[in-house]
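All values below were derived from every heavy atom in this structure, side-chain atoms included, with hydrogens, water molecules and symmetry-related copies excluded. Every chain is numbered from 1, with letters handed out A, B, ... down the list of sequences. Quick caveat: nothing in here was measured; it's all calculated off a predicted structure.
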Amino acid sequence: MLLIPCPWCGPRDEAEFRYGGQARVAYPEDPWALDDTAWAEYLFVRDNPEGWFAERWFHTAGCRRWCDVMRDTATNRVAGSAPTGASLTEVTK
Amino acid sequence: MTPEPLWKTREPAASYDAVVVGAGGHGLATAYYLARDHGITNVAVLERGWLAGGNMARNTQIVRSNYLWDASAGLYEHALRLWEGLENELDRELEFSQRGVLNLAHTTHDVRESVRRVNANRLNGIDAEWLDPEEVKKLVPIINISPELRYPVMGATYQPRAGIADHDQVAWGYAAAADRLGVHLIEGCEVTGFQRSGDRITGVHTSRGPIAAGRVALCAAGHTSVLLDTLGLRLPLQSHPLQALVTQLVEPVIDTVVMSNTVHVYVSQVAKGELVMGAGIDAYNGYGRRGSFRTIEREMEAALALYPVFAHSHLLRSWGGIVDVSPDASPIIGRTPFEGLYVNCGWGTGGYKATPGAGHVLADTVANDRPHPLAEPYALERFTSGALIDEHGAAAVAH
Amino acid sequence: MTGFRSVPVPAGSEATVSFNGRELAARAGEPLAATLLANGVRTVASGVYTDRPRGIVGLGTEEPCGYVRVDSPPIESMAQATRVETHDGLCARSLNGYARLPEGEEAPRGDRVWAHCDVLVVGAGPAGIAAATAAARAGARVILACDAPQPGGGLAGEWDAAEGTAAREWQEPRIAALRDEPELRLLTRTTVTGLYDHGEVVALERRPHAAASGGAVHRLWHIRAGRTVLATGSCERPIVFEGNDRPGVMLAGAAVGYARRHGVLAGQRAVVFGCHDEALWAAVALHEAGATIVAVADARPAPGPAPVAALYERGIGVLTASGVTRTTGGSGGVLSAATVAPIDSDGNATGEGRSFPCDLLAVSGGHDPATALAAHSGGRKRWSPEHAAFLPDQTPPGVRLAGAAAGTRNPAAARDQGERVGHAAAVEALAHESATDGAEVADDGAAAPVVGSGHTPPMALWTVADARTDERRAFVDLHRDATLADIRDAIGAGMTSIEHIKRYTTIGTGPDQGRTSGVPATGIVAGLLDRTMDEVGGTGSRPPWVPIPLTAVAGRELGELFDPARRTPMHDWHVAQGAVFEDVGQWKRPRYFPREGEDMRAALQRECRAARESVGALDASTLGKIMVEGRDAGTFLDRIYANNFSTLRPGRCRYGVMCTADGMVLDDGVAVRLSDTQYMCTTTSGNADTVRAWLEEWAQTEWPELCVHITDVTDHWATISVVGPRSRDVMARLAPREDLSAEGFAFMTYRDTTVLGVPARILRVSFTGELTFEVNVPAWYGRAIWEAVMAAGHPYGITPYGTEGMHLLRAEKGFIVVGHETDGTVTPVDVGLGWAVSKRKDFVGKRSLWRPDTAREDRQQLVGLMPEDGDHVVAEGAQLVAERPGSVPVSMQGHVTSSYLSPALGRSFALGLLSQGRERHGDRVYAVHLDEAVPVTVTDPVFYDKEGSRRDG
């Protein structure tokens, strides 16, 4: 069970959260400016790195707020978390 | 008496007509069919670890083809038919046991969707039956069909021809057969990137040096994204931990395979006597080959409600694999924007049962540089057009 | 009689146990294995795959052979005799390979326990005790978990008398002092089974004594530890030779352990064989305990002088450069003699052997640090030739090792190391707020090996063989009956990876996880392949460290607690009325209310007829209700729903549909605008959580600039739909002062008012086409108002109906139900909601509707279906095909999504999705269910009151 550091509630069990995949994938400014390929990219394609990953978690059983977490997908080490939109510690390999 | 080696230990050659990346079930089968059906024998299967040591060693061995959509039914049924001849084909005991698979329905919604799938299966020529709770009980005497259950058994779909096969034997069978046809199986050789000339792939970089290749077939499951990242190619894949477990050896208690999507547990008893159980994926992305113990607890809560006698057995070992999941829970098979590079990925939790079919279809696609008819719906283009093959939306369990 | 008690059972501790039906005298609390040995029971079980007799080999979790089943409470289908505590009345039987799961027997229950600590210490030998004490004194909250019933068990015996005495003298007061540390929690009989991410540790506590009182027999601990110290000791390994599986062949340390800890001698005439000094000390200890030492063989040419001298003093010689090549069996295959021969450094006999009659062969091939737990979360190990063992190399974040687990075999050095490591762990844990930062373990030398001073290095020895050795009787994995010959076969089959060899031979796959076979297998493979130990490596270690009864894994979250059911305030009323319920999401909803002698079909006809002809009542409390409030609520909903909501006037209601980003129907429902800044959106019953989270996600992560607040108020309200032409009459009795006329209270408006003095929000919406008042009252009043509605409706024959009736009535009107007509692959346009798809504004998913596949003309579309035989109700889930099916495969064009017998139409009808269905009204297609193909006519999906003339009554 991962321990997810909620920026508001502190570290909490993963079971309290819903996973949200890659962070900072913005809804396109103008979807109609995108061709089908670019739209499909927005809909379906997300980063899937083995290593550091900025990802989203939603504290469903707590404050019900989304946050961004920097986690290494290979080791599950967590470098930090921040409210959605705030800057998150970047970790470089 | 010492048996013949199943496969020979080889040094990688400088160049091959085709290189298959990943010696899991799909990779081995692909190489085998390339050699057998297409006369392409100058083939290497490159494996970073030990042969069939990834998801092939970590699955729950279930084989079935009772999927809802035509595209899925076509592909998985093609695989099942190959399974049915595989012991002869590979001349090896695979412990392939067509003991039937039941998919339980626990709600009226499940019942509707299950009946829908049974009817679709039958019209696609796939054996499928709908069983009421009493009929389920006859096949699975230890199951609890009390209506008092939190999620009672309201019936089940049943595919008699489905079952299980020993994953090690399958891998070794394909490996031995491929080896006999001249395919090089090279363990401990990690592919780290691709050689290219413009948009044409000309070989791979490996931990043991560069290897030229006329064609490259990627069968790297959970690591597909990592490899394609080196080409700047992003596929709609997410890698997740998927856990499974076994109990100690127990006297026979269940002689069929029973799956439940609603309460997330599936179980069979392998020939050796262990109960093998699995559940859904862990929700987060992970390459760690381990998941949360909570997932296993949840699975056992569901299992014990359905099979009270399991309370007396013991969790012996649990483990995780890395499954690459696509947005519609269906695989991606076919060509890529790079000439000479073919992918076979996104199988999620469904890869093992497709092993012969995936290998057969991919080999044909690679050999002819065009999608095998059964692979056509599985091309990357479906994400652009929107023609998804959404098996989880349709409540047909994708395990 | 071979075994005996060197120490009599103290008065007051006598117990009688039954084993295979035979009554045995025991000392209460001792392991069953000790009882068996003391009573001369040599054969405890047989092999899993052979019928060879097997006896006790080990002392604890490493036991590969001595498996039993326990028939007295708490029953166990499989247990190691070394870990079953005896008590008066214990009843156990041999377990020969396969466990039998006792059908109909209630399994003992288990609890889950959660705990947090700064430092978890696993193992209470000298290193563990020292580590826990040091950590506690540094101010850390400490949990010390040990597998044994008492702490300290691990150290005794294996050492010579002087060291052993010193260790005990050091240990006894410290064990007592553990209980005085205020922030130290000692968990005995508690085995850590797995290390998981972020300091999560799972441990199984055995509480056999709780069976009598009906308490939890297992506790599964979930410990979140800041730092973890593994002082898990080591596991003694055997040496492989022909007949090494006979009852009477034991690990030397185990034989000493039974003598020292339990006063039980496993045999009277012992041969001791090893390849390191500790094995020689074991001979000393066994002699001390009263055994006759028939022979001592050491594979090394030059064993350590100290133990050799100690043995010499006792008149015991050591056969150097010698080893046991085979055993001889007596009656029942039990050990009767061991053949000792001179051997070379590979264990090959160099001369003739000599047979020594004996009833105990104590063997020790060395000690493997117990590092499996570290491996669970990514630890690695490397081979140390000077230790002849794999030592921990790289430990996972937050994990340290101490004592024998780190390769430190000298007790004094182990406790020094434990103290150092425990202190460091505490300091580190206290300096960090959480374990999630994943700081690297500081290298304080914790993992550095310490070899006991004055000891001659051990030798790595895996097998002993001579020219006549039958490798099919030389067992590597005693539990799985896997032999030296099996390994040779695997290598012959081309296997070079230890993982393949394990799978080929099944070595290490038993419940003992190959503790006594893993390293010998690596050694044997390394020899056969001419590779180093590190090149061959070991197989991955997988949790749990000891088997966990599934009853303990599941805990109490069974039955109702598996997933708590949600019930409406009127639930008990429905129960009293004999309602049949169904699960809708987490909710329990009445499906129908059968009267005496009615089946579902009959009840359904009656209920629906009442709603159409007079009045019916539906408990709609489960409908999701989500408040969307704030200055930008209208703008927000415009972006979420396919249709417009900012243009909705306060006081009015509007049906809306929302899509996923890829354009598929996510949910639908009526939204009410309460004020300029307030909407109440209703959702499908099973979907409220999903929709709420969906709204929150967009509000928070995409449009934080919008001022909008989202609150789920589903269970604040009880909702009663009063449905039918007489519903106005019923409402008039409940709210006599309200203007309920069609003009005064128009369709698709709402009113906040009171009903019988209770605040109520009444909606004029309709899911049936009939005049409907949807009465929402605070949940607390739900039951009372429901009963009041029933009373008020009594003169009109008001009839409660359930989900089945609701589905039938709405289907007659062609209204979709998410989950019936949609399955995640259906767009609003497909189900005839194209009118709701705004042309003017963008909304989530809209762009997706203009992709090639979603814009196809021939997509499957919602249609009505009339079976040509009006008495025939087609099956929901039937597939739609153009022709009566001949040979397969048959092209499928759609399926039946809902199907009923309609009392209003006096015939059956159905809804379905059909390719290009909207263009095919009047066509005949076939609904195929199993072996039947029913001709049906494609129609418009609205079957009843197309003009909408009934909604105002």
Rounded to the nearest 0.5 Å, what's the gap from CZ on C/Phe562 to CG on B/Leu149? Could you check?
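It is 10.0 Å, given to the nearest 0.5 Å.
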
Interatomic distance, C/His479 atom NE2 to B/Leu249 atom CG [nearest 0.5 angstrom]
6.5 Å

Quick one: are [X] and [Y] in side-chain contact, heavy atoms under 4.5 Å?
{"X": "B/Trp69", "Y": "C/Thr825", "result": "yes"}
{"X": "C/Met892", "Y": "B/Asp70", "result": "yes"}
{"X": "C/Asp583", "Y": "B/Pro152", "result": "yes"}
{"X": "C/Asp662", "Y": "B/Phe383", "result": "no"}
{"X": "C/Pro885", "Y": "B/Leu123", "result": "yes"}
{"X": "B/Glu299", "Y": "C/Val553", "result": "no"}
{"X": "C/Glu876", "Y": "B/Arg116", "result": "no"}

Under 4.5 Å heavy-atom distance to chain B, tell me which part of [X] shows up: side chain, backbone, both or neither.
{"X": "C/Leu95", "result": "neither"}
{"X": "C/Val202", "result": "side chain"}
{"X": "C/Val48", "result": "side chain"}
{"X": "C/Leu101", "result": "both"}
{"X": "C/Ser848", "result": "neither"}
{"X": "C/Val896", "result": "neither"}
{"X": "C/Pro564", "result": "backbone"}
{"X": "C/Asp563", "result": "both"}

Given the side-chain rings of C/His376 and B/Trp319, with only the six-membered ring counted for Trp, is the space between their centroids under 6.0 Å?
no

Do you see a donor-acceptor pair shorter than 3.5 Å between the side chains of B/His312 and C/Glu106?
no

Do C/His820 and B/Arg112 have side-chain atoms, one donor and one acceptor, less than 3.5 Å apart?
yes

What closest approach, in Å, do [X] and [Y] show between heavy atoms, and which atom pair accounts for it?
{"X": "C/Leu550", "Y": "B/Leu304", "answer": "O-CD2, 3.6 Å"}
{"X": "B/Ser313", "Y": "C/Ser77", "answer": "CA-OG, 4.3 Å"}
{"X": "C/Arg851", "Y": "B/Ser385", "answer": "CB-O, 3.5 Å"}
{"X": "B/Ser318", "Y": "C/Pro544", "answer": "N-CD, 4.2 Å"}
{"X": "C/Pro547", "Y": "B/His314", "answer": "CB-CB, 3.8 Å"}
{"X": "C/Leu558", "Y": "B/Glu301", "answer": "CD2-O, 3.5 Å"}

Backbone N or O of [Y] within a donor-acceptor pair of the [X] side chain at under 3.5 Å?
{"X": "B/Arg317", "Y": "C/Pro511", "result": "no"}
{"X": "B/Asn119", "Y": "C/Gly877", "result": "yes"}
{"X": "C/Glu499", "Y": "B/Gly53", "result": "no"}

Begin from the C-alpha positions of C/Val888 and B/Arg122 and carry the test side chain to side chain contact (heavy atoms under 4.5 Å, CB included) through to its verdict.
CA-CA 8 Å; C/Val888 292; B/Arg122 293 165 71 101; over 6 Å; no

Looking at [options], which one has more heavy-atom pairs under 4.5 Å with chain B than the rest?
{"options": "C/Met664, C/Arg591, C/Arg556", "value": "C/Arg591"}
{"options": "C/Gly819, C/Gly104, C/Ala552", "value": "C/Gly819"}
{"options": "C/Glu105, C/Met495, C/Arg112", "value": "C/Arg112"}
{"options": "C/Asp931, C/Thr551, C/Val546", "value": "C/Thr551"}
{"options": "C/Ile548, C/Val890, C/Ile75", "value": "C/Ile548"}
{"options": "C/Arg503, C/His929, C/Gln513, C/Glu582", "value": "C/Arg503"}

Determine, stepwise, if the pair B/Trp50 / C/Thr496 fulfils side chain to side chain contact (heavy atoms under 4.5 Å, CB included).
CA-CA 9 Å; B/Trp50 42 285; C/Thr496 54; over 6 Å; no

Tell me, yes or no, whether the heavy-atom count around C/Glu560 atom CD, taken from other residues, nucleotides or ligands under 6.0 Å, exceeds 12.
yes

Any chance you could lay out the side chain to side chain contact (heavy atoms under 4.5 Å, CB included) test for C/His222 and B/Glu297, step after step, and finish with the verdict?
CA-CA 12 Å; C/His222 299 66; B/Glu297 289 181 332; 2.5 Å; yes

Pairing residues for C/Asp853 by the salt bridge (charged side-chain N to carboxylate O under 4.0 Å, His left out) criterion, not counting sequence neighbours:
C/Arg856, C/Arg859

Ring-face cation contact, C/Tyr196 with B/Arg294, 6.0 Å cut, 45° max:
no

With only heavy atoms counted, which part of [X] is less than 4.5 Å from chain C, the side chain, the backbone, both or neither?
{"X": "B/Ile142", "answer": "both"}
{"X": "B/Ala175", "answer": "neither"}
{"X": "B/Ile126", "answer": "neither"}
{"X": "B/Glu129", "answer": "neither"}

Once you measure the plane-to-plane angle for B/Trp172 and C/His500, does it fall in the parallel (<30°), tilted (30-60°) or perpendicular (>60°) bin?
perpendicular

Could you walk me through whether C/Tyr98 and B/Lys272 pass the side chain to side chain contact (heavy atoms under 4.5 Å, CB included) test, one step at a time?
CA-CA 10 Å; C/Tyr98 292 78; B/Lys272 244 187 331 183; 5.6 Å; no

Please list, chain by chain and in numerical order, all residues satisfying ring-ring contact (aromatic ring centres under 6.0 Å, His included) with B/Tyr158, sequence neighbours excluded.
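Not a single residue meets the ring-ring contact (aromatic ring centres under 6.0 Å, His included) criterion with B/Tyr158.
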
